[in-house]
Amino acid sequence: MGKKDKDFVKEITPMEVDFPQWYTDVIRKTDLVDYSPVKGFMVIKPYGYALWENIQSFLDKRFKETGHKNCYFPLLIPESLLQKEAEHVEGFAPEVAWVTHGGKEELAERLCVRPTSETIICEMYSKWLKSYRELPYLYNQWCSVVRWEKSTRPFLRTSEFLWQEGHTLHETEEQAQEETLQMLNIYKEMAENLLAIPVVTGRKSEREKFAGAHATYTMEALMHDGKALQAGTSHNLGQHFTTAFDISFLDRNGDMQNPYHTSWGVSTRLIGGVIMVHGDNRGLVLPPALAPTQVVIIPIAQHKEGVLDKAYELKKQLQDAGLRVELDDNENYSPGWKFNEYEMKGIPIRIEIGPRDIKNNQVMAARRDILEKGPVSMDGLTENIVQLLDTIQRDMLEKARSHRDENTYYIDSFEDFKQKMADKPGFAKAMWCGERECEEHVKAETAATIRCIPFEQEDIGDKCHFCGKEAKHMVYMAKAY
RNA sequence: CUGGGUGUAGCGCAGCUUGGUAGCGCACCAGAAUGGGGUUCUGGUGGUCGGAGGUUCAAAUCCUCUCACCCAGACCA
């Protein structure tokens with residue numbers, strides 16, 4: 001197997017030099033998005049959208065398997081509805097876009113462009129729900145939301161983003177909690193099995209939780225530069241909204257009661273995560289399960305007798321096995337150009353087929369993740385490629401896990417923490433007193449925040465590593481996107 | 001919102017100091033040869049210099065105002 005001599009391409013700034021620039025270069029050169037005329041709003045181009053579609057189909061299937069149904073609620077929400085839950089409006093008001101006119105006439109009541117849909121959905125739920133017999137409500141919607149962000153970056157933070165939001169109602173507190181954790185687990189399964197991104201799961205601190213939630217659970221991933229990305233959240237909303245919106249039902253005892261409520265969502269931000277976890281200096285690296293094209297076939301010296309025929313035959317053979325295959329027979333580009341192009345786009349396997357291979361009853365297959373290439377016999381080729389895709393998927397998850405573990409460390413003091421955050425950002429495991437004041441102090445000094453209070457607690461001390469008071473939880477700390 | 005920076009062809013840039021009517025590379029189009037790691041040659045298309053106003057015989061270039069975008073903070077999926 002021959003390894004590449006060059007580990008970069010000229011259009012992409014190496015990530016060691018300037019990670020944010022590397023990110024921007026990658027998304028632009030690989031044709032995932034484009035900037036629109038409106039600041040902060042991105043156009044998702046076909047290649048980028050295909051990634052989202054694959055995330056959608058994975059999740060949509062799991063949502064339906066767990067009894068959820070899709071529906072659609074309106075884009076605009078009357079201001080009065082947004083006001084109903086105090087904590088919620090306080091959290092979202094600063095980033096809401098408002099519609100004030102219909103045509104030339106000023107509206108009697110402003111309408112907000114949804115930043116999330118709890119309020120409008122609860123308003124409708126309160127009209128619908130009558131009896132415990134109807135519960136649980138298990139609804140989800142795929143839509144976009146708008147949050148007027150001050151600074152934006154494609155996929156990671158845009159003023160409008162695509163997501164799904166699930167909104168469920170339950171008879172009991174226990175059922176709501178169970179639902180909240182079930183959905184978080186589905187997200188985790190998706191992150192690891194589809195995106196090949198290992199995640200840490202746990203609960204958010206009071207400061208970091210969703211505005212209006214009883215408790216927020218999160219999955220956090222570590223990016224290549226050592227910063228954390230909140231990759232999905234699931235909220236147990238308790239009765240906060242159902243009380244505020246007067247959603248009630250007659251329970252089994254004939255008493256009026258407010259149901260328990262959850263909401264959960266993941267967004268196109270996940271695509272930014274995939275880029276920053278797996279990408280390298282040659283561009284994107286896509287896990288096979290997610291890749292819109294899993295195998296690209298490049299014919300070599302295609303004008304020569306039989307090359308193209310064989311290439312098309314191969315394409316059909318692989319497609320029949322259920323693989324997503326592309327064949328590039330554009331004569332205007334050299335093979336070398338195509339190699340670079342498809343590597344940049346992160347396609348997991350490249351197959352080269354030329355006169356020499358045909359003579360030897362083989363093809364050349366190159367792995368994008370480790371940039372290795374070698375001959376593979378035509379006999380049993382499909383099985384080998386299917387298996388290779390599987391191996392790549394597994395290896396990518398393992399590689400990301402190793403990277404995360406290598407960049408997760410224990411600290412022994414606040415000084416030590418500051419030092420480590422400055423030298424080599426990553427996840428720091430620390431003991432914390434549980435107080436908001438302490439958390440805010442740490443953030444002001446280090447820009448790092450509590451990413452989560454992990455489900456898997458470790459006892460690494462009695463005292464808070466930041467203020468010295470009695471410790472309540474072990475937490476993951478990091479600088480975040 | 002605070003601090004810094006940049007606006008000239010689709011992208012990256014030069015020209016501005018010392019005003020004279022716009023140029024280079026890539027991309028794109030046509031043709032030919034090439035084809036196992038960004039192939040070569042030839043010919044071509046495309047902008048009036050972010051916008052407005054001013055100075056001047058003459059403004060990409062000088063002056064004033066304005067808008068947009070980028071980066072770093074603060075705020076956030």
Side-chain angles (χ1 to χ4, degrees), chain A residues 2-13 18-21 23-25 28-29 34-40 91-96 115-116 144-153 155-165 187 204 207-211 216 218-221 228-235 263-273 282-283 298-304 307 329-344 350-360 362-364 366 371 373-375 443-444 447 449 479-481:
Chain A
K3 232 185 158 155
K4 304 274 25 81
D5 48 349
K6 253 183 11 174
D7 65 349
F8 64 95
V9 282
K10 56 177 183 266
E11 290 94 338
I12 299 176
T13 307
D18 183 346
F19 194 80
Q21 188 60 49
Y23 179 81
T24 308
D25 288 350
R28 291 290 287 117
K29 300 299 176 191
D34 199 357
Y35 297 94
S36 83
V38 186
K39 175 181 159 61
F92 281 103
E95 46 180 0
V96 159
T116 179
S144 74
V145 290
V146 169
R147 299 181 187 177
W148 215 262
E149 300 286 353
K150 301 263 195 274
S151 78
T152 56
R153 310 194 56 198
F155 293 122
L156 297 175
R157 169 156 295 109
T158 49
S159 296
E160 179 186 17
F161 55 92
L162 302 181
W163 78 344
Q164 57 67 218
E165 45 180 328
Y187 289 158
K204 283 287 187 190
R207 186 181 177 282
E208 298 275 332
K209 78 173 189 192
F210 177 77
T216 289
T218 179
M219 63 175 182
E220 301 281 325
L229 184 75
Q230 178 173 310
T233 47
S234 185
H235 314 291
S263 72
W264 26 273
V266 295
S267 73
T268 38
R269 166 180 265 194
L270 289 170
I271 296 169
R282 301 178 74 81
I298 315 269
I300 308 291
Q302 58 177 285
H303 58 286
K304 298 232 170 91
V307 171
D329 60 359
N330 186 342
E331 285 194 84
N332 295 316
Y333 294 101
S334 69
W337 188 91
K338 292 176 187 173
F339 295 171
N340 282 289
E341 179 68 12
Y342 292 106
E343 271 170 11
M344 204 152 74
R350 177 182 74 241
I351 291 181
E352 302 166 23
I353 178 159
R356 222 151 66 200
D357 300 305
I358 294 173
K359 202 171 77 191
N360 297 333
Q362 65 171 41
V363 300
M364 296 298 284
L371 293 167
K373 152 168 150 177
K443 179 171 182 181
T449 49
K479 289 183 188 170
Y481 273 96

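Order of the sequence lines sets the chain letters (A, B, ...), proteins ahead of strands, with each chain counted from 1.
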Check the distance between [N]'s [atom2] and [X]'s [atom1] and give it to me in whole angstrom.
{"X": "Asp357(A)", "N": "G35(B)", "atom1": "CG", "atom2": "C1'", "answer": "14 Å"}
{"X": "Phe210(A)", "N": "A77(B)", "atom1": "CZ", "atom2": "C1'", "answer": "10 Å"}
{"X": "Leu270(A)", "N": "A77(B)", "atom1": "CG", "atom2": "P", "answer": "15 Å"}
{"X": "Asn330(A)", "N": "C28(B)", "atom1": "CG", "atom2": "C1'", "answer": "13 Å"}
{"X": "Ile300(A)", "N": "U39(B)", "atom1": "CD1", "atom2": "C1'", "answer": "13 Å"}
{"X": "Lys338(A)", "N": "U34(B)", "atom1": "NZ", "atom2": "P", "answer": "16 Å"}
{"X": "Asp25(A)", "N": "C26(B)", "atom1": "CG", "atom2": "C1'", "answer": "15 Å"}
{"X": "His303(A)", "N": "G36(B)", "atom1": "NE2", "atom2": "C1'", "answer": "12 Å"}

Within the side chain of [X], is there an N or O that forms a donor-acceptor pair under 3.5 Å with the backbone of [Y]?
{"X": "Arg147(A)", "Y": "Ser159(A)", "result": "no"}
{"X": "Ser144(A)", "Y": "Glu160(A)", "result": "no"}
{"X": "Lys338(A)", "Y": "Asn330(A)", "result": "yes"}

Q. How do Ala366(A) and Thr268(A) order along RNA chain B: which one's closest nucleotide is nearer the 5' end?
A.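 Result: Ala366(A).
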(Q) Closest-nucleotide mapping onto RNA chain B: is Arg147(A) or Ser334(A) further toward the 5' terminus? I mean the 5' end. (A)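 On the 5' side of the pair lies Ser334(A).
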Q: Can you check whether any acceptor in the base of G37(B) is under 3.5 Å from a donor in the side chain of Arg350(A), or vice versa?
A: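 When only heavy-atom distances are counted, Arg350(A) does reach the base of G37(B) through a donor-acceptor pair under 3.5 Å.
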Searching all strands shown, indicate the nucleotide that pairs with [N] (Watson-Crick or G-U wobble; both distances under 3.5 Å).
{"N": "G47(B)", "value": "none"}
{"N": "C13(B)", "value": "G23(B)"}
{"N": "G38(B)", "value": "none"}
{"N": "G73(B)", "value": "C1(B)"}
{"N": "A58(B)", "value": "none"}
{"N": "G53(B)", "value": "C63(B)"}

Measure from the side-chain heavy atoms of [X] and tell me the nearest of [options].
{"X": "Glu343(A)", "options": "G36(B), A77(B), G37(B)", "value": "G37(B)"}
{"X": "Glu331(A)", "options": "G37(B), C11(B), G35(B)", "value": "G35(B)"}
{"X": "Trp337(A)", "options": "G35(B), G38(B), C11(B)", "value": "G38(B)"}
{"X": "Phe339(A)", "options": "G37(B), C11(B), G38(B)", "value": "G37(B)"}
{"X": "Asn340(A)", "options": "G36(B), G38(B), A77(B)", "value": "G38(B)"}
{"X": "Pro335(A)", "options": "G37(B), G35(B), G38(B)", "value": "G35(B)"}
{"X": "Tyr333(A)", "options": "G36(B), A77(B), C28(B)", "value": "C28(B)"}

State, yes or no, whether a side-chain contact exists between [X] and [Y] at a heavy-atom distance under 4.5 Å.
{"X": "Val307(A)", "Y": "Ile300(A)", "value": "no"}
{"X": "Glu341(A)", "Y": "Tyr333(A)", "value": "no"}
{"X": "Thr158(A)", "Y": "Glu149(A)", "value": "no"}
{"X": "Asp34(A)", "Y": "Arg28(A)", "value": "yes"}
{"X": "Phe339(A)", "Y": "Lys373(A)", "value": "yes"}
{"X": "Thr218(A)", "Y": "Glu208(A)", "value": "no"}

Q. Quick one: what's the B/S/- string for nucleotides 69-75 of chain B, heavy-atom cutoff under 4.0 Å, read 5' to 3'?
A. SS-S-BS
Q: State the CZ-CD distance between Arg282(A) and Glu343(A), to the nearest 0.5 angstrom.
A: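 Output value for this atom pair is 4.5 Å.
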Integer angstrom distance from the [atom1] of [N] to that of [M]:
{"N": "U21(B)", "M": "C16(B)", "atom1": "P", "value": "14 Å"}
{"N": "U42(B)", "M": "U34(B)", "atom1": "C1'", "value": "15 Å"}
{"N": "G46(B)", "M": "G23(B)", "atom1": "P", "value": "13 Å"}
{"N": "G47(B)", "M": "A14(B)", "atom1": "C1'", "value": "15 Å"}
{"N": "A59(B)", "M": "G20(B)", "atom1": "C1'", "value": "10 Å"}
{"N": "A60(B)", "M": "U8(B)", "atom1": "P", "value": "15 Å"}
{"N": "C57(B)", "M": "G19(B)", "atom1": "C1'", "value": "12 Å"}
{"N": "U48(B)", "M": "U61(B)", "atom1": "P", "value": "16 Å"}

Looking for any heavy atom pair under 4.0 Å, which part of the strands does [X] touch: base, sugar-phosphate only, or nothing?
{"X": "Phe161(A)", "answer": "base"}
{"X": "Thr233(A)", "answer": "nothing"}
{"X": "Gln230(A)", "answer": "sugar-phosphate"}
{"X": "Arg28(A)", "answer": "nothing"}
{"X": "Thr158(A)", "answer": "base"}
{"X": "Leu229(A)", "answer": "nothing"}

Q. Under 4.0 Å between a Lys/Arg side-chain N and an Asp/Glu carboxylate O for Glu220(A) and Lys204(A)?
A.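 Yes, charged N to carboxylate O under 4.0 Å.
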Q.
I want to check one thing: is the phosphate of A77(B), taken as OP1 and OP2, less than 4.0 Å away from some side-chain N or O of Ser267(A)?
A.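 So the side-chain polar atoms of Ser267(A) never come under 4.0 Å of the phosphate oxygens OP1 or OP2 of A77(B).
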